[in-house]
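Okay, structure first, notes after.
Just the heavy atoms: all of them, side chains too, but no hydrogens, waters or symmetry mates, feed the values below. As the structure is a prediction and not an experimental result, all values here were calculated from the model.
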Protein chains: 2
Amino acid sequence: MKSILHALAEPNRLRIVELLRSGPLTVGEIAERLSFNQPQTSKHLKVLSEAGVLLVEASANRRIYRLSPKPFQELEAWASSFRRDWEERMDRLDGYLQRLQQDGTER
Amino acid sequence: MKSILHALAEPNRLRIVELLRSGPLTVGEIAERLSFNQPQTSKHLKVLSEAGVLLVEASANRRIYRLSPKPFQELEAWASSFRRDWEERMDRLDGYLQRLQQDGTER
DNA sequence: CAGCTATATTCCACTGAACGTATATTTTAG
DNA sequence: CTAAAATATACGTTCAGTGGAATATAGCTG
């Protein structure tokens with residue numbers, strides 16, 4: 001999770017991720033469309049790959065990068081777990097209020 | 001989204017967020033439980049607050065920080081939008097394959 | 001094999017962010 | 001009003017990460 005967040009937090013890497021939404025691309029294509037130079041592009045792709053955000057497929061001279069579903073599933077699960085925290089807290093508050101009301105009506 | 005990711009990507013800030021899962025805390029309590037010094041804690045809390053991750057409530061001398069639901073909802077929605085990308089791609093692939101098959105059986 | 005293309009790696013400079021210490025600000029207590 | 005407690009801000013240092021230029025590596029083509 002930490003490495004995923006770190007990889008995505010860098011603005012230019014986030015741009016790469018958004019670009020790859022529409023489909024897999026080679027290093028050169030990514031660099032061209034985002035006006036990055038090639039080495040910098042490779043470095044960002046390395047970070048994203050090592051974080052598991054991207055998958056690489058070697059095809060002859062070229063390397064085709066594509067989004068991996070996993071990190072986004074993890075991110076979604078992690079973010080949604082906070083929603084569950086709220087709901088649990090609400091449940092406890094609800095139970096507490098109900099107990100309060102019951103104590104009031106019983107006597 | 002960019003500021004949310006940036007705020008959460010820093011390991012010590014992530015620890016603060018995880019700590020606040022269990023409920024709101026004051027600056028001093030956060031610093032103590034995570035063995036941070038007070039100024040550094042305040043700085044991290046500032047970044048998290050400005051990114052909308054935390055909400056502050058002033059209570060006399062103290063400031064009580066709590067998680068805000070919004071950024072996590074946004075994060076969840078953003079992450080899940082990638083899943084939708086996959087499904088759409090699958091749909092297109094599916095349609096393509098069906099058309100292929102139809103072309104085959106028609107003649 | 002030689003030359004060419006695509007990508008990765010290395011080296012260096014620089015910026016930004018995190019950290020610690022000291023200080024300022026705010027609020028309460030006496 | 002003064003002293004103490006809780007928090008925020010300012011300042012200087014250090015370090016990680018980004019960016020660019022040059023170079024290395026891998027694979028194709030003739």
Side-chain angles (χ1 to χ4, degrees), chain A residues 1-68 71 75, chain B residues 1-68 71 75:
Chain A
M1 177 59 45
K2 206 156 54 177
S3 63
I4 296 174
L5 288 170
H6 170 256
L8 295 175
E10 209 285 322
N12 285 332
R13 282 196 291 266
L14 191 58
R15 292 181 62 193
I16 293 178
V17 168
E18 292 290 354
L19 174 61
L20 290 179
R21 267 179 186 272
S22 51
L25 292 174
T26 66
V27 178
E29 289 167 336
I30 296 169
E32 188 194 354
R33 301 204 193 182
L34 298 179
S35 302
F36 296 164
N37 58 33
Q38 177 269 316
Q40 199 57 27
T41 306
S42 284
K43 286 184 228 172
H44 282 314
L45 292 172
K46 186 178 184 180
V47 174
L48 288 165
S49 300
E50 287 179 345
V53 176
L54 301 185
L55 301 173
V56 208
E57 176 196 350
S59 167
N61 240 358
R62 329 207 156 173
R63 303 221 170 179
I64 301 170
Y65 285 85
R66 76 187 66 233
L67 294 178
S68 168
L75 207 60
Chain B
M1 178 57 47
K2 206 155 56 176
S3 64
I4 296 174
L5 287 171
H6 169 254
L8 295 176
E10 209 284 323
N12 285 333
R13 283 197 290 266
L14 192 58
R15 291 181 63 192
I16 292 178
V17 168
E18 292 289 353
L19 174 61
L20 290 179
R21 266 180 188 271
S22 51
L25 291 174
T26 66
V27 178
E29 289 168 336
I30 295 169
E32 189 194 353
R33 301 203 193 183
L34 299 180
S35 302
F36 296 164
N37 58 34
Q38 178 268 316
Q40 200 57 30
T41 306
S42 284
K43 285 183 228 170
H44 282 315
L45 292 172
K46 186 177 185 180
V47 174
L48 287 166
S49 299
E50 288 178 345
V53 177
L54 301 185
L55 301 173
V56 207
E57 176 196 350
S59 167
N61 240 359
R62 330 207 156 171
R63 302 222 170 178
I64 302 170
Y65 285 86
R66 76 187 66 232
L67 294 179
S68 167
L75 206 60

**Q.** Nearest listed nucleotide, side chain of E10(A), among dT18(D), dT9(D), dA8(C)
**A.** dT18(D)
Q.
Could you measure the distance from the CG atom of L34(B) to the CZ atom of R13(B)? Nearest 0.5 Å is fine.
A. 13.5 Å
(Q) With hydrogens left out and only the distance checked, is there a donor-acceptor pair under 3.5 Å joining K43(B)'s side chain and the base of dG20(C)? (A) yes
Q. So which one's nearest nucleotide on DNA chain D is more toward 5', H44(A) or R63(A)?
A. H44(A)
**Q.** Whole angstrom value for the distance that separates P of dA17(C) from CG of L48(B)
**A.** 14 Å
Q: Please state whether the phosphate of dG20(D), meaning OP1 or OP2, lies under 4.0 angstrom from any side-chain nitrogen or oxygen of N37(A).
A: yes
Q.
Please confirm whether the shortest side-chain N or O distance from Y65(B) to OP1 or OP2 of dA8(D) is below 4.0 Å.
A. yes
Q | R62(A) side-chain N/O to dA6(C) phosphate OP1/OP2 under 4.0 Å | A | yes
Q: For N61(A) and for Q38(A), find the nucleotide of DNA chain D with the closest heavy atom, then tell me which residue's nucleotide is more 5'.
A: Q38(A)
Q) Phosphate oxygens OP1/OP2 of dG20(D): is one of them under 4.0 Å from a side-chain N or O of Q40(A)? A) no
Q) To the nearest 0.5 Å, what is the distance between CD1 (I30(B)) and CD1 (I64(B))? A) 10.5 Å
Q | Nucleotide nearest R13(B) when distance is taken to its side chain, options dG17(D), dA18(C), dT7(D) | A | dA18(C)
Q. Which part of the nucleic acid, if any, lies within contact of F36(A), taking any heavy atom under 4.0 Å across all strands shown: a base, the sugar-phosphate backbone alone, or nothing?
A. nothing
**Q.** Contact check, side chains of M1(A) and L75(A), non-hydrogen atoms, under 4.5 Å
**A.** yes
(Q) From the set dG27(D), dT7(C), dC19(C), return the single nucleotide nearest to any side-chain atom of A60(A). (A) dG27(D)
Q. Once you round it to whole Å, what is the distance between C1' of dC19(C) and CG of L34(B)?
A. 16 Å
Q) Under 6.0 Å from the CD atom of E32(B), do we count more than 12 heavy atoms belonging to anything else shown? A) no
Q: Examine distances only and state if a side-chain atom of E29(A) and a backbone atom of T26(A) form a donor-acceptor pair shorter than 3.5 Å.
A: yes
(Q) Without decimals, in angstroms, what is the distance between I64(A) CD1 and dA26(D) P? (A) 19 Å
Q.
Just N and O in the side chain of N12(A): are any of them under 4.0 Å from OP1 or OP2 of dG19(D)?
A. yes
